[in-house]
Amino acid sequence: MTATDQNIIVGICWTMCPIEELRFRSKHNLLHSFEKEPKPGVQKGRNKLNLTEHGNICVKEFRRSAAGENVSNPKTLRTPEVLLETIEYLFSNILFRKDAHFNFTYDFIFDRLRSVRQDTVIQQLHKVRPMVCVAILERCVRFYIYAAYRTKLNPEMAIDLHINTQHTVDCLKTLLLLYNDMEYRFREQVKLQHRLSMVAVYMLLHIQNHDVLCGLMINVPNRLWKLEPLKTVLEMAFAVMHKNYVRFIKLTSKLVSEKRYVILLTLCLCIDRLRVDCIQMLCHSHNSKACSFSAQDLCSWLFLNNASSATHLCNELGLTCPQPNVIKFFKSDFIHKDTNKVHGCNLIKTVQQLNNDEIINILRYP
Amino acid sequence: NYQCYLQVSTTLQDDDSSVFACLLSFHDPHIGNPKLQLKSADVICRRFLESPYDEMVAAHLRGCWALSIDDFKEVYVCQVLTVQAFVKAFQSQKDDNWGLPLMFKLVLDLREFADSVDKEMSRTGRGKRGEMLEKAADTIMSCFRVCGSDGRSAIGVSKKWGMLFLVNQLFKIYFRIGKLHLCKPLIRAIESSTIKDQFTLAQRVTYKYYVGRKAMFDSDFVMAEEYLSFAYSNCHSKCKRNLRMILIYLIPVKMLLGRLPTLELLHTHNLNQFADIVRAVRTGDVQLLNKALIKNETFYIQTGVYLILEKLRAITHRTLFKRVGHILGTHQIPLQAFLEALKSQGIDDIDMDETECIVAGLIFNGNIRGYISHQHKKLVVSKVNAFPPIAAAS
């Protein structure tokens with residue numbers, strides 16, 4: 001045992017929120033509205049300390065470790081089990097609350113998940129309880145992805161996608177390292193499946209980034225590339241590399257039919273960029289005055305459901321339509337920009353069919 | 001027994017670093033001498049030697065002892081102590097670089113021991129892959145800092161001459177543990193150095209090899225070709241193993257830039273794994289490329305060239321389409337002809353849209369000059385130079 005192993009702090013807080021913080025926040029009226037009303041039945045019996053009626057639904061806030069602040073007090077650090085329960089509580093009881101806008105719940109859950117992650121880092125759970133750490137991070141990633149997807153559907157929402165993506169990627173990077181460190185524990189099917197889908201998510205988020213792909217191919221063990229869904233996603237990455245968008249979409253339908261929801265959610269996030277790239281390519285390859293492209297045909301190239309969204313997207317990128325539903329591709333007309341509009345496609349349709357309970361299940365599974 | 005200590009002491013007085021280096025190297029026969037395998041030699045070393053040389057020698061002797069009982073972890077720990085003591089001594093020697101030969105030996109041993117501890121640990125499942133190597137890299141960095149910051153001494157006695165060796169050792173570690181991003185500051189340090197072309201050829205070959213590989217991973221193929229070519233043409237012709245290692249990367253990069261190797265070259269260097277790929281690219285056989293990629297998948301992934309070889313698909317498509325165009329002898333080539341060509345090779349899961357998309361991608365990347373008429377499903381190629389050479393397009 002080395003010196004660092006001995007200094008690991010073990011949390012002893014058995015509630016979602018340490019008592020000190022609870023006292024402080026209720027005294028200064030700093031409780032979030034989700035933490036105010038008592039919910040009978042939730043976490044009952046756990047809170048033996050019988051503090052206030054708020055005790056059972058209050059969740060530890062994220063706090064930056066600042067000078068003078070002791071973040072490593074075992075009393076304020078939750079045990080691994082409580083951390084998992086906290087996430088469970090956030091997903092099951094907060095995420096789809098009818099009385100609040102998603103924006104509002106997102107801010108709450110984002111902050112509380114951050115504090116959960118902080119607790120895992122301080123306690124060095126990645127060393128002590130790596131599997132718990134994996135479980136926590138996987139849940140976080142799925143939540144961030146889902147939130148990003150909701151923002152895509154509804155761009156007016158004031159969710160900062162940049163920060164959200166940053167947290168997603170941070171979690172994924174840690175996960176990838178953890179997976180490699182504990183190679184031998186991934187013999188079990190369920191856990192392996194989650195690992196595969198997390199690698200796939202990371203890859204999709206960086207699908208146009210050659211370096212990341214290269215790094216992944218070196219660091220992820222050989223045998224995993226032959227397993228679904230990673231195999232399909234790798235083929236998709238190759239398709240994008242060769243600008244073979246038609247093939248990319250063909251492969252996507254495989255993921256749809258296999259109901260790989262987490263990956264489909266991620267795809268919703270990156271498909272816009274690929275559509276723009278596809279149109280850019282067509283502007284070069286179909287650059288002719290005499291020729292035109294029917295919007296109906298274009299749908300299957302862009303993974304859109306109807307001709308009008310295809311036309312709309314092309315117009316947005318500076319292209320003209322001499323007749324309805326006929327598009328003229330010109331190199332000189334094309335304007336490169338990111339589109340924020342959501343265009344209907346089978347991808348979003350498949351995900352939209354899910355009800356709230358199913359989504360919760362996807363987020364917290366296993 | 002005492003003779004050895006006296007010899008250490010004499011070499012120190014004579015500033016004879018290469019002899020001292022041998023006395024502290026694990027590649028020297030003295031490590032087999034049971035009288036020098038000492039668990040604790042601190043006291044005796046202090047009698048003969050000044051600090052920090054006493055620590056250095058004591059740690060080395062303890063290392064010899066640990067090696068004799070096959071405790072690699074302990075050998076590694078001792079070697080770290082030796083290097084740390086060395087850094088202390090080295091740092092204090094202003095305007096002098098006599099310690100460089102010693103440093104080379106110590107660092108080489110350090111990396112090799114870290115490697116064997118790693119292998120041992122991951123075999124028994126006790127530790128993370130690359131953990132020791134990563135720690136060894138930190139120790140090597142402490143040497144690098146001493147060398148890199150020695151700006152004041154005259155160039156003849158500068159410690160900067162040790163930089164490239166250390167950088168190469170660090171590259172070896174970073175490539176092994178897959179942390180290529182850590183190479184960037186090292187490359188910058190070397191490239192900005194005024195003596196970068198005056199290091200020994202062997203060190204420069206190693207350096208160019210790693211930087212070339214890094215450039216390949218960063219998709220800078222022109223630079224990768226330049227660096228790897230330098231490594232290949234300057235590598236000692238008897239170092240078959242090294243030549244082969246360079247070729248594993250140089251061949252795919254050259255292919256991507258449009259220059260295919262001869263089959264003899266592949267044969268002499270035992271690189272027949274690339275033979276089918278070369279044939280596929282030369283003749284435009286997409287199906288053969290697919291088969292070759294599946295057949296040697298493990299080799300390609302392990303060496304890290306899989307992605308580059310996958311990129312050759314575009315060139316293979318181009319060659320195939322060029323041949324189809326030649327056979328038809330027209331400037332308006334029906335896309336149907338391309339589709340049939342692909343199908344005749346045995347590629348089943350392809351349709352018209354995908355064919356059109358592949359052609360569109362080739363036009364976009366400059367591999368074909370022309371445009372597609374979507375209504376007529378035809379590729380209209382330019383009358384001159386419809387399929388420019390790969391070297392021009394990339």
Side-chain angles (χ1 to χ4, degrees), chain A residues 127 130 176-178 180-185 209-223 225-226 234-235 237-251 277-278 280-294 297-298 300-301 326-327 329 331, chain B residues 122 125 127-131 175-181 214 216-220 293-294 297-308 310-314 316-317 349-366 368 370-376 378-380:
Chain A
K127 277 191 187 162
L176 292 178
L177 289 177
L178 276 172
N180 277 353
D181 291 349
M182 316 183 297
E183 185 59 55
Y184 56 96
R185 303 208 198 185
N209 193 333
H210 186 266
D211 310 354
V212 173
L213 203 56
C214 247
L216 272 178
M217 292 220 50
I218 297 171
N219 286 328
V220 175
N222 260 343
R223 61 187 177 92
W225 295 109
K226 293 171 187 133
L234 180 65
E235 276 187 60
F238 287 157
V240 171
M241 199 166 89
H242 293 302
K243 299 198 160 283
N244 192 342
Y245 301 102
V246 175
R247 174 145 198 89
F248 180 84
I249 286 155
K250 270 188 208 162
L251 291 164
D277 284 357
C278 180
Q280 187 182 20
M281 174 186 82
L282 290 171
C283 285
H284 277 79
S285 61
H286 292 64
N287 179 32
S288 157
K289 277 183 195 138
C291 304
S292 61
F293 207 112
S294 109
D297 291 356
L298 194 60
S300 61
W301 288 60
V326 171
I327 295 154
F329 285 117
K331 243 187 262 188
Chain B
S122 61
K128 288 189 228 168
R129 194 178 61 121
E131 198 181 358
F175 273 76
R176 174 72 65 84
I177 61 176
K179 294 206 166 156
L180 297 195
H181 59 280
K214 167 117 183 22
M216 186 189 90
F217 290 131
D218 296 339
S219 305
D220 188 345
L293 282 174
I294 293 168
E297 194 183 19
T298 317
F299 173 75
Y300 302 144
I301 292 183
Q302 266 164 6
T303 48
V305 294
Y306 193 94
L307 215 56
I308 312 293
E310 173 63 37
K311 278 192 177 228
L312 293 172
R313 188 181 297 274
T316 316
H317 276 134
D349 60 336
I350 192 163
D351 57 16
M352 199 54 184
D353 270 354
E354 199 178 324
T355 313
E356 188 174 338
C357 195
I358 292 171
V359 177
L362 290 173
I363 296 175
F364 183 82
N365 289 328
I368 297 178
Y371 66 89
I372 299 170
S373 162
H374 179 70
Q375 300 122 303
H376 302 104
K378 270 184 183 164
L379 166 68
V380 183

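In what follows, chains are A, B, ... by sequence order, proteins preceding strands, each numbered from 1. These numbers were taken from a predicted model, which means no experiment stands behind them.
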Heavy-atom closest contact ([X] atom, [Y] atom, distance):
X	Y	result
B/Gly304	B/Met216	O-CE, 3.8 Å
B/Cys357	A/Val246	CB-CG2, 3.6 Å
A/Ser285	B/Ile363	CA-CG2, 3.8 Å

Consider ring-ring contact (aromatic ring centres under 6.0 Å, His included). Of A/Phe293, A/Tyr245, A/Phe248, which one does A/Trp301 pass it with?
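Passing option: A/Phe293.
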Part of [X] within contact of chain B (heavy atom distance under 4.5 Å):
X	answer
A/Met217	both
A/Asn287	backbone
A/Ile249	neither
A/Ser294	backbone
A/Lys250	side chain

Side chains of A/Arg247 and B/Ile358: closer than 4.5 Å at any heavy-atom pair?
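Of all side-chain heavy-atom pairs linking B/Ile358 with A/Arg247, none is under 4.5 Å.
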If you round to the nearest 0.5 Å, how far is NZ of A/Lys226 from CG of A/Leu234?
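Atom-to-atom, A/Leu234:CG and A/Lys226:NZ are 11.5 Å apart.
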Side chain, backbone, both or neither: which part of [X] has a heavy atom under 4.5 Å from chain A?
X	value
B/Glu297	side chain
B/Lys179	neither
B/Ile350	backbone
B/Tyr306	side chain

Pick from A/Ser292, A/Gly215, A/Ser300 with the largest number of heavy-atom pairs that fall under 4.5 Å of chain B:
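Result: the option with the highest number of such pairs is A/Ser292.
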Using a 4.5 angstrom heavy-atom cutoff, name the option from A/Gln280, A/His242, A/Lys243 with the most pairs to chain B.
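The residue among A/Gln280, A/His242, A/Lys243 with the greatest pair count is A/His242.
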Heavy-atom pairs under 4.5 Å with chain A - which of [options] has more of them than the others?
options	result
B/His376, B/His317, B/Lys311	B/Lys311
B/Arg313, B/Glu356, B/Gln302	B/Glu356
B/Leu180, B/Asp351, B/Ile308, B/Ile368	B/Asp351

Side chain to side chain contact (heavy atoms under 4.5 Å, CB included) evaluation trace for A/His286 with B/Tyr371
CA-CA 5 Å; A/His286 292 64; B/Tyr371 66 89; over 6 Å; no
Are more than 12 heavy atoms from other residues, nucleotides or ligands located less than 6.0 Å from atom NZ of A/Lys289?
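Atom NZ in A/Lys289 is not crowded, with 12 or fewer foreign heavy atoms closer than 6.0 Å.
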Would you sort out whether A/Phe238 and B/Leu307 count as a side chain to side chain contact (heavy atoms under 4.5 Å, CB included), showing the intermediate values?
CA-CA 8 Å; A/Phe238 287 157; B/Leu307 215 56; 3.2 Å; yes
